[in-house]
2 protein chains.
Amino acid sequence: MKILQKKKRAHYLQAYPVAHLFSFDIEESIQVHEYDRGEWIIKEGQPPDYLFYLIEGKAKIYITHQNGKVSLLNFINEADYIGEMELLHEGYYSKGIQTTTKTICFAIPFRNWREKLLADVKFLRHLSIQLSDKATHMSMKYSQSLAFPLENRLADFILQTADNDLYKEKHVTVCDFLGVSYRHLLHVLAQFCDKGFLKKEGHAYKISDKSAIEELAGMLRNG
Amino acid sequence: MKILQKKKRAHYLQAYPVAHLFSFDIEESIQVHEYDRGEWIIKEGQPPDYLFYLIEGKAKIYITHQNGKVSLLNFINEADYIGEMELLHEGYYSKGIQTTTKTICFAIPFRNWREKLLADVKFLRHLSIQLSDKATHMSMKYSQSLAFPLENRLADFILQTADNDLYKEKHVTVCDFLGVSYRHLLHVLAQFCDKGFLKKEGHAYKISDKSAIEELAGMLRNG
DNA sequence: GTTATAATATGAGAAATCTCATATTTCTAC
DNA sequence: GTAGAAATATGAGATTTCTCATATTATAAC
């Protein structure tokens, strides 16, 4: 990790203005952190000293269970906060946050700013909306994971991530994200190929019967 | 549902003061709603017109999936908000909220108060903490449900709900909550009895080997 | 470049969990 | 208090998903 200074710092602060997120002027106190691909922004169990705001790049939230299984809880993208749980709750058990690409974050030190942030309407309103999205999203994932077999959840994931009808996510990542074994994921992908829904092309899969995949994924929707 | 008036209304407003939750005086606008056991405070898919604050009683959050399965997402207790998702997001798909006991809620109409609430520091701070708890809680449930078999999750649930080492929750509710079939739940309970962890007493179960149950439940903890 | 590490791939058997069928008991509404 | 609905209970067989073993590629580090 590198803390950017001077010109580089100024560049990012100008390119991604955040004044609208706060009622007060915080620019002076914002650090700009740059992480290489694969670096950990937060190590599991080690609470950070900063509230981060991701401006460029992508990251993943991981938690490790006692039985050795690892869950990929969610992806983090531009304009997402990191460390907001630790801001709100001292003693919170921090999840691990790992970048997937080179990533730039704004970092606001808790030390001087926690109280001011927690008393700022603009910030809190924005944060509340983000937290409610997060809670809703996790609730949906939870109930869907219990109500539907992998077939449906994978179909949904394929549609969400396919680029131009070509699905090419890493199997290992997908296992952690959907919470199934590598073996089973491959098994269901093979089934999709057998049924003619997908066609394997090297390490990627071409969607060959989109409506069939959409029907499986559609089962997750309610209402 | 009954909207309480005059003496009854005044009684609850006095018994459960909420002035500390808001920066402005909202008492005049608060309605006091009384629900019988089993009534729906919010029907699934039908967004409410009020932000509720539960002051007496208990309720459950349900969602129904297309395949007919029903998930009990969580329990709602005293001092929890209801309808806060709808406050933050117009167009949110409302989950069903059903009372388990006679329940009293304060009800604040969105119509006149949405904007004021969303501009109030005290309210937003309190709400943010509640939402972050909710998000964290759902994340944990989600990842645990994928990482551990029912054995461990049930052990945890038994410890959380047992009263004086006696577990007597309704099986049907527990199935919806833990997301497993009735058949399987009974199967694992029977296993616990076989192993001497529980002893069946009528329709309840006495914890006869607490440390065994605690060990199973302890697997869920991380860190 | 080479070597270690990570990712892909597949088989076989076992465990977890589900569906369906069916019976009995307990609640609840009238 | 009685009928209908909800909850409990159990068996048998089918699916879903996991574990483990083992091979082959691809990627990253020196």
Side-chain angles (χ1 to χ4, degrees), chain A residues 36-39 60 62 65 67-72 98-102 143-155 157 167-195 198 200-205 216 219, chain B residues 36-39 60 62 65 67-72 98-102 143-155 157 167-195 198 200-205 216 219:
Chain A
D36 282 335
R37 173 186 138 102
E39 262 193 287
K60 295 181 285 190
Y62 278 110
H65 298 280
N67 62 1
K69 289 198 188 179
V70 169
S71 297
L72 169 48
Q98 186 183 34
T99 63
T100 347
T101 62
K102 184 180 149 183
S143 64
Q144 289 168 354
S145 75
L146 295 173
F148 296 97
L150 181 61
E151 184 173 55
N152 300 97
R153 295 181 292 129
L154 179 58
F157 184 75
Y167 168 80
K168 48 185 170 184
E169 297 301 312
K170 286 205 163 164
H171 297 329
V172 278
T173 305
V174 178
C175 292
D176 291 343
F177 186 63
L178 298 180
V180 294
S181 67
Y182 186 90
R183 192 64 194 84
H184 189 52
L185 173 63
L186 275 269
H187 176 236
V188 174
L189 280 170
Q191 266 183 207
F192 281 1
C193 292
D194 281 353
K195 292 182 187 164
L198 298 179
K200 199 166 172 183
E201 297 188 348
H203 282 182
Y205 294 78
L216 286 175
M219 291 300 296
Chain B
D36 283 336
R37 172 186 139 101
E39 262 192 290
K60 295 182 284 190
Y62 278 110
H65 298 280
N67 61 3
K69 290 199 185 176
V70 168
S71 297
L72 169 47
Q98 186 184 34
T99 63
T100 344
T101 62
K102 184 180 148 183
S143 65
Q144 288 168 354
S145 74
L146 295 173
F148 297 96
L150 180 62
E151 183 173 58
N152 301 97
R153 294 180 294 129
L154 179 59
F157 184 75
Y167 168 79
K168 47 185 169 182
E169 297 302 311
K170 286 206 165 162
H171 297 329
V172 280
T173 304
V174 178
C175 292
D176 291 342
F177 186 63
L178 298 180
V180 294
S181 67
Y182 186 89
R183 191 67 194 79
H184 189 53
L185 173 63
L186 275 270
H187 176 236
V188 174
L189 280 170
Q191 267 183 207
F192 282 1
C193 292
D194 281 353
K195 292 182 187 164
L198 297 180
K200 198 166 173 183
E201 297 188 349
H203 281 181
Y205 295 79
L216 286 175
M219 290 300 295

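Chain naming here is simple, since letters A, B, ... match the order of the sequence lines and numbering starts at 1 in each.
Here CD of A:Q191 is found 10.0 Å from CG of A:L154. Values are rounded to the nearest 0.5 Å. One finds the CG atom of A:L146 at 12.0 Å from the SG atom of B:C175 (value rounded to the nearest 0.5 Å). The NZ atom of A:K69 sits 11.5 Å away from atom OG of B:S143, with the distance rounded to the nearest 0.5 Å. Going from atom CD of B:Q98 over to atom CZ of B:R37 covers 9.0 Å, rounded to the nearest 0.5 Å.
When the C1' atom of C:dT19 is taken as reference, atom CG of B:N67 falls 13 Å away, rounded to whole Å. If you take NE2 of B:H171 and C1' of C:dT17, they are 17 Å apart, rounded to a whole angstrom. One atom, CG of B:L186, and another, P of C:dT19, lie 15 Å apart when rounded to the nearest Å. Atom-to-atom, CG of B:N152 to C1' of C:dT17 comes out at 15 Å; the value is rounded to the nearest Å.
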Pairs: protein N or O with nucleotides 12-21 of chain D N or O, under 3.5 Å:
{"from": "D:dT17", "atom 1": "OP1", "to": "A:L150", "atom 2": "N", "distance (Å)": "3.3"}
{"from": "D:dT17", "atom 1": "OP2", "to": "A:L150", "atom 2": "N", "distance (Å)": "3.1"}
{"from": "D:dT17", "atom 1": "OP2", "to": "A:H184", "atom 2": "NE2", "distance (Å)": "2.9"}
{"from": "D:dT17", "atom 1": "O5'", "to": "A:H184", "atom 2": "NE2", "distance (Å)": "3.3"}
{"from": "D:dC18", "atom 1": "OP2", "to": "A:S181", "atom 2": "N", "distance (Å)": "2.7"}
{"from": "D:dC18", "atom 1": "OP2", "to": "A:S181", "atom 2": "OG", "distance (Å)": "3.1"}

Could you give the side-chain donor-acceptor pairs of residues 176-189 of chain A under 3.5 Å, partners two or more places apart or in another chain?
{"from": "A:S181", "atom 1": "OG", "to": "A:H184", "atom 2": "N", "distance (Å)": "3.2"}

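Counting only distance, with no hydrogens or angles, the side chain of B:N67 and the backbone of A:M219 share no donor-acceptor pair below 3.5 Å.
Using a 4.5 Å heavy-atom threshold, the side chains of B:K168 and B:H203 count as separate. With a 4.5 Å cut-off on side-chain heavy atoms, A:R153 and A:L150 count as touching.
Considering only residues two or more places apart in sequence or on other chains, A:Y167 meets the ring-ring contact (aromatic ring centres under 6.0 Å, His included) condition with none of them. Listed by chain and residue number, B:K195 satisfy the salt bridge (charged side-chain N to carboxylate O under 4.0 Å, His left out) test with B:E151 (two or more places apart in sequence, or in another chain).
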Letter per nucleotide, 5' to 3', of nucleotides 22-30 of chain C [B base touched, S only sugar-phosphate touched, - untouched; heavy atoms, 4.0 Å]: ----S-S--

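For the helix from C:dG1-D:dC30 to C:dC30-D:dG1, the axis fitted to the five pairs at one end and the axis fitted to the five pairs at the other end meet at an angle of 70° (nearest 10 degrees).
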